[in-house]
Amino acid sequence: MLDITKHPAPGLPDSPGVGYKPQHYADIMADPGPVGWLEIHAENYMGDGGRPLAQLHHLAERFPISVHGVGLSIGGEGPLDKAHLARLRHLCDWLKPASFSEHLAWSTHESAYLNDLIALPYTRATLTRVSDHISEVQDVLGRQMLLENPSSYLAFAESTMSETDFLAEVVQRTGCGLLLDVNNVFVSATNLATGPQDYIDAFPLEHVGEFHLGGHDEDHDDTGAPLLIDSHGCETADPVWALLDYTLARSGPRPTLIEWDNNVPEWPVLAAEAARAASRLARVAA
Amino acid sequence: MSHAHDQARFATAILDPEVPPPAGLAAPDGRPAGKRFDVYRNNVIVSLSEALKAGFPVICRLVGDEFFQAMAGIYVRAHLPKSPIMSQFGGEFPGFLAEFEPVAQLPYLPDIARLELALRQSYHAADAPPLAPETLQALPPETLLSARFAFAPAMRLLRSEWPVHAIWQANAQGGPAGSAGQQDGTGKPSGPEDVLICRPGFDPEPRLLPAGGAAFITAALAGNPLEAALDKATQEAGAFDLAATLGLLLAGGCLTRIIIKETQ
């Protein structure tokens with residue numbers, strides 16, 4: 001287990017952040033508005049040079065950066081990709097980000113990368129596997145990581161633990177922190193017909209180093225039951241903002257990210273979402 | 001249900017809609033997964049197809065969006081990425097296009113795809129300060145002839161039997177969709193073209209090379225001194241214009257160092 005006294009907790013400010021998109025570079029540098037920090041997808045910054053790394057270098061001089069991995073496949077049945085882990089280490093050593101996070105999901109099977117975050121059943125076996133992988137990540141990176149709760153579309157008959165118990169146990173075993181995606185909580189609760197507030201009540205909020213917010217799409221399954229899809233392609237929905245308020249009342253302010261990865265809007269739209277988060281954070285900080 | 005190969009079954013069902021979702025997955029009331037599993041199928045195929053389209057915008061323009069989407073669905077199932085770095089996805093696309101029967105009447109597509117791959121590689125390549133043109137101008141001719149060059153990591157060279165530069169230009173930005181360049185005997189390019197991809201700042205640019213230019217660069221890249229590279233170029237094109245080729249290389253930031261032979 002990682003000795004977190006030697007590896008201080010992530011240092012993102014308790015303010016709104018946004019998922020960084022290169023088309024917003026000039027706007028952010030000119031006037032970031034309420035945005036206090038930025039999150040990047042690690043896999044977009046694994047080239048050798050050029051504009052992506054040059055821009056990131058300039059951004060990192062002005063803003064705390066959160067590195068968010070999307071391709072490590074921590075929930076995968078196979079071993080972690082050592083080459084990919086080395087690339088993450090290289091990026092973190094160079095950038096010295098305020099935070100590193102990844103997902104409770106799998107995306108790679110036998111070296112084929114599926115480019116999606118796929119849920120896994122919660123059992124003793126998967127608990128051991130995920131915990132071992134997280135310990136390996138923290139050992140290689142030499143820092144604590146945050147683990148993010150996934151969006152679920154289906155229930156696994158095989159599961160023997162709740163997601164919140166599973167995450168709490170991973171924290172106990174590895175010393176990692178948690179990234180609570182409030183939109184994912186709402187999406188999963190709707191899809192699995194459970195209570196989103198019950199999930200928050202059961203969540204180990206004291207270990208949360210970051211919140212995520214983002215948009216989802218609304219669809220229906222074969223029987224007409226609601227099926228929400230985590231799309232990051234629109235504004236955060238009102239019930240998700242309400243769930244954030246419910247969570248903040250229990251957790252106090254934390255770094256809160258607006259994720260908008262598809263149909264990326266003009267900067268003012270994204271800044272307005274960040275301002276919405278800022279007013280909610282201010283309410284609980286007072 | 002066995003734990004060992006659950007994800008293999010999951011992955012197989014994601015990629016093949018004919019394969020039923022793995023057992024043990026259900027809607028909350030215990031009904032079969034049905035359309036819920038399709039969320040994964042859709043996410044995987046759509047996101048990878050979008051990544052392919054982002055990497056090959058000119059191919060997409062040449063074949064049309066609808067055709068590209070259908071072709072991408074076939075490509076991504078057959079050539080899943082080996083790495084989560086999406087900027088590297090599509091390395092096997094030129095070879096796929098060369099074998100894909102429905103585009104056999106567009107034989108230049110593989111080389112256009114190679115050009116788009118080269119542009120992407122150039123965009124992400126390491127930075128290197130370019131050689132100042134004055135450095136070359138200051139050298140006496142004998143010294144220059146025996147000198148070797150180091151090239152920028154962002155430089156790429158593409159030799160094609162097709163007018164790839166003209167086709168790319170006509171379709172990269174703003175040109176009429178689907179134009180395959182001018183091949184109608186009106187004096188516009190219709191034969192082979194050699195393209196130099198250079199990155200003077202952060203934006204890669206394809207430049208048409210004069211006759212012999214590619215032979216010169218190939219020889220110089222292999223470590224030959226300028227004089228030997230010049231020989232190769234003149235063998236291929238009698239009227240090889242050294243100044244024009246050196247000018248392109250210098251303006252594009254392709255040369256990073258000149259290595260001068262020690263005088264005896």
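Bear in mind the structure is a predicted one, so any value in this text is a computation, not a measurement.
The part of A:L117 that comes within reach of chain B is its backbone (N, CA, C, O), which places non-hydrogen atoms under 4.5 angstrom from that chain. Looking at A:I229, only its side chain comes within 4.5 Å of chain B, counting heavy atoms on both sides. With a threshold of 4.5 angstrom between heavy atoms, A:L227 approaches chain B through side-chain atoms but not through N, CA, C or O. When heavy atoms are compared at a cutoff of 4.5 Å, A:N191 approaches chain B by way of both its backbone and its side chain. Within the 4.5 angstrom heavy-atom criterion, atoms from both the backbone and the side chain of B:F37 approach chain A. Of the two parts of B:I14, only the side chain, counted from C-beta on, holds a non-hydrogen atom closer than 4.5 Å to a non-hydrogen atom of chain A. Looking at B:S83, the atoms closer than 4.5 Å to chain A (heavy atoms on both sides) sit in the backbone and in the side chain alike.
Remark: side-chain polar atoms of B:R148 are not paired, donor with acceptor, to backbone N or O of B:I259 under 3.5 angstrom. Remark: the backbone N or O of B:H165 is paired with a side-chain donor or acceptor of B:E193 at under 3.5 angstrom.
Side-chain atoms of A:E148 and A:H103 include a donor-acceptor pair closer than 3.5 Å. When only modelled atom types and interatomic distance are considered, A:H68 and A:E102 share no side-chain donor-acceptor pair under 3.5 Å.
For an aromatic pair to be called close, the ring centres must be under 6.0 Å apart, and B:F93 with B:F56 satisfies this. Aromatic rings of B:Y40 and B:F10 (six-membered ring for Trp) have centroids within the 6.0 Å cut-off, being under it.
Here A:A112 is the residue among A:S159, A:G78, A:S107, A:A112 with the most heavy-atom pairs under 4.5 Å with chain B. Annotation: maximal heavy-atom pairing with chain B below 4.5 Å, among A:A83, A:P52, A:A119, A:A42, occurs at A:P52. For the set A:A193, A:S231, A:S111, the entry with the most heavy-atom pairs within less than 4.5 Å of chain B is A:S111. Ranked by non-hydrogen atom pairs under 4.5 Å with chain B, the options A:G71, A:A155, A:G47 are led by A:A155. Between chain B and the residues A:N115, A:V70, A:T223, the largest count of heavy-atom pairs under 4.5 Å involves A:N115. When the candidates A:L192, A:L114, A:L120 are compared by the number of heavy-atom contacts under 4.5 Å with chain B, A:L114 comes out ahead. Looking only at heavy-atom pairs under 4.5 Å with chain A, the residue among B:A27, B:A125, B:S87, B:G30 that has the most is B:A125.
Of the charged side-chain nitrogens involved, at least one lies within less than 4.0 Å of a carboxylate oxygen, so that B:D65 and B:K53 count as a salt-bridged pair.
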Quiz prompt | side-chain hydrogen bond (donor to acceptor under 3.5 Å, both in side chains) evaluation trace for A:H84 with A:R87 | solution = CA-CA 5 Å; A:H84 195 61; A:R87 288 190 286 264; 3.1 Å; yes
Quiz prompt | Check against side-chain contact (heavy atoms from CB on, under 4.5 Å), A:Q23 and A:V264 | solution = CA-CA 9 Å; A:Q23 57 265 49; A:V264 176; 3.6 Å; yes
